[in-house]
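Report on one structure; see the data block that follows.
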Number of protein chains: 2
Amino acid sequence: MLYRQVKRQLIADIQSGVAAPGAALPNETDLARRFNVSIGTVRRAVDELVAEHVLVRQQGRGTFVGKMDRERFMFQFFKIAGRDGVSEFPQVRLHTFTRSRATREEAQALGLHGTQSVFCIDNVLLLKGRPVIHDHIVIAATMFPGLTEDVFTKRTATIYGLYQSAFGITIVEADERVRAELVSLESARLLNLPAGMPVLRIERVAYTFDRKPAEFRISVVDTRDVDYVSRMRDAA
Amino acid sequence: MLYRQVKRQLIADIQSGVAAPGAALPNETDLARRFNVSIGTVRRAVDELVAEHVLVRQQGRGTFVGKMDRERFMFQFFKIAGRDGVSEFPQVRLHTFTRSRATREEAQALGLHGTQSVFCIDNVLLLKGRPVIHDHIVIAATMFPGLTEDVFTKRTATIYGLYQSAFGITIVEADERVRAELVSLESARLLNLPAGMPVLRIERVAYTFDRKPAEFRISVVDTRDVDYVSRMRDAA
DNA sequence: AAGTGGTCTAGACCACTTG
DNA sequence: AAGTGGTCTAGACCACTTT
């Protein structure tokens with residue numbers, strides 16, 4: 001399992017900031033020398049990290065640390081698409097930004113002990129100018145020190161891009177649980193829906209490396225014009 | 001791209017019946033000789049087929065053609081789980097088995113020209129003895145020649161297992177679109193739900209090799225006790 | 001003991017990008 | 001032309017399973 005050790009070291013370099021998002025890695029022969037393994041072993045480690053979108057290879061140019069840009073976010077973490085299957089980048093409108101104590105459910109999802117301080121962010125996402133998604137985001141205050149409404153609002157990239165560039169936290173995977181419910185009063189108001197409308201409720205726990213929970217998010221989706229899309233192939 | 005050719009040939013062997021589900025493949029050195037490539041190239045082809053669950057490796061024993069048993073079905077294609085996250089194999093109750101002409105929507109999903117003949121199967125799936133899912137399955141009659149209600153009812157394995165063992169069709173991937181709606185009169189009756197209940201509606205197109213559509217399925221799920229679970233990692 | 005897959009090596013040559 | 005990743009080779013040794 002030499003390649004596992006190489007993979008762990010590459011991840012450690014990213015977490016420690018030795019390898020910053022967007023930066024190039026040393027070439028494969030140099031990595032092989034540095035780790036005292038053959039090129040094939042380096043390739044196997046890099047292969048897996050590329051499959052997880054942590055690294056990006058460009059033939060003839062080099063291998064780079066993956067940046068959480070819009071494209072990556074849409075491809076990997078945004079599963080809402082129109083009836084035609086086309087996925088559009090949503091316009092995000094901040095509703096509320098507050099700091100409070102984690103509920104029991106939130107603490108459990110984030111792996112917190114007791115009721116630690118969390119940031120709660122409510123957003124409305126618009127597609128084609130119409131409000132479609134109500135996001136309620138919960139993150140541990142200790143994991144995102146110095147976050148303020150101002151920092152949050154003035155971000156230039158996606159929310160996950162902010163996590164990565166401002167706090168060094170790269171989201172690499174997420175689990176979601178989806179169910180149908182009748183829209184709540186608050187979501188109905190934000191999404192401009194009448195009472196009694198069925199909506200999707202999506203609970204997401206997003207993880208950084210080593211399956212460490214970083215974000216808990218509840219999304220309420222008006223699915224009159226869009227679907228939640230899921231592809232089942234290879235490793236489920 | 002030699003390993004691609006090896007992979008195609010291995011798939012062709014499975015489709016033609018040369019390699020039957022559950023049967024062992026020749027060992028890697030024999031395969032390498034047969035295809036005139038090195039073992040490493042064979043391994044790369046087999047690696048991908050293992051990732052897609054088409055082949056199964058067992059160290060020290062050999063490599064086998066994947067059988068669509070309950071375990072594989074549950075792991076790869078059944079995404080409904082209880083609130084505790086545990087997934088239970090459902091009891092299936094046949095409601096109706098009919099033969100009719102494909103609607104436009106069904107023909108499009110299955111890639112049929114015109115309005116060909118299809119089998120329509122309605123099932124009720126029970127979890128812990130309670131009806132939770134109403135499945136409406138549509139498959140092309142030409143793709144499943146000789147299928148009857150009797151054959152369908154007397155199957156010993158899963159539905160996808162029947163496709164594989166009786167018709168040589170292995171389901172390898174599926175796309176799903178999920179939304180919330182109010183339960184229909186028919187589904188409400190089958191699931192013992194009052195009118196006005198929100199339910200999940202899942203449209204699935206299941207594919208065999210080469211992304212050839214084999215089944216169109218609409219599942220209506222009562223999500224009061226269960227969730228639709230989705231994991232986002234590596235290749236989305 | 002014999003046979004299998006699992007890992008690793010140390011190269012070779014090719015395709016692509018950049019200067 | 002030089003440097004990069006992409007593919008392929010032809011072995012070696014190990015861990016595991018079966019006989």
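Sequence lines set the chain letters: A, B, ... in the order given, protein chains first and strands last, and positions in each chain run from 1.
Taking atom CG of residue B:Leu31 and atom P of nucleotide D:dT9, one finds them 14 Å apart after rounding to whole Å. Nucleotide C:dT7 holds its C1' atom 14 Å from the CG atom of A:Asp47, rounded to whole Å. In this structure, B:Arg44 atom CZ and C:dG6 atom P are separated by 17 Å, rounded to whole Å. Distance, B:Met1 CE to D:dT9 P: 14 Å, rounded to whole Å. At whole-Å resolution of the value, CD1 in A:Ile39 and P in D:dT7 are 15 Å apart.
Within the structure, every side-chain polar atom (N or O) of B:Arg57 is placed at least 4.0 Å from both OP1 and OP2 of C:dT4. Taking only side-chain nitrogens and oxygens, A:Thr63 never comes nearer than 4.0 Å to OP1 or OP2 of D:dT4. For C:dT9, the OP1/OP2 oxygens have a side-chain nitrogen or oxygen of A:Thr41 closer than 4.0 Å.
Of all the heavy atoms in B:Ala109 and B:Pro213, the pair that sits closest is O-CB, 3.5 Å. The nearest pair of heavy atoms linking A:Ala157 to A:Gly161 is CB-CA, 4.4 Å. Across A:Ala45 and A:Lys7, no two heavy atoms sit closer than the pair CB-N, 3.8 Å.
Taking for each of A:Gln58 and A:Val42 the nucleotide of DNA chain C with the nearest heavy atom, the 5'-most of the two is the partner of A:Val42. Nearest-nucleotide positions on DNA chain C place B:Arg43 closer to the 5' end than the other of B:Arg43 and A:Gln59.
Comparing atom distances between the B:Arg61 side chain and each of C:dG5, D:dT17, D:dG5 picks out D:dT17 as nearest.
Of the residues in residues 18-30 of chain A, A:Asn27, A:Glu28 come within less than 4.0 Å of DNA chain D through at least one heavy atom, sorted by number.
The closest donor-acceptor contact from the side chain of B:Arg34 to the backbone of B:Pro26 lies at 3.5 Å or more, if one exists at all. A:Arg72 places a side-chain N or O within 3.5 Å of a backbone atom of A:His53 that can act as its donor or acceptor partner.
Side-chain contact annotation: B:Thr148 with B:Asp150, donor-acceptor N/O pair under 3.5 Å absent.
For A:Phe144 and A:Phe119, the distance between ring centers is not under 6.0 angstrom.
At least one side-chain heavy atom of A:Leu94 sits less than 4.5 Å from a side-chain heavy atom of A:Glu149.
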In dot-bracket form, how is DNA chain C paired, counting a Watson-Crick or G-U wobble pair only if both its distances are under 3.5 Å and using | for bases paired to another strand? ||||||||||||||||||.
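Of the listed residues (B:Asp69, B:Thr158, B:Thr170), just one forms a side-chain hydrogen bond (donor to acceptor under 3.5 Å, both in side chains) with B:Gln164, and that residue is B:Thr170.
When heavy atoms are screened at a 4.0 angstrom cut-off, B:Val46 is found touching no nucleic acid atom at all.
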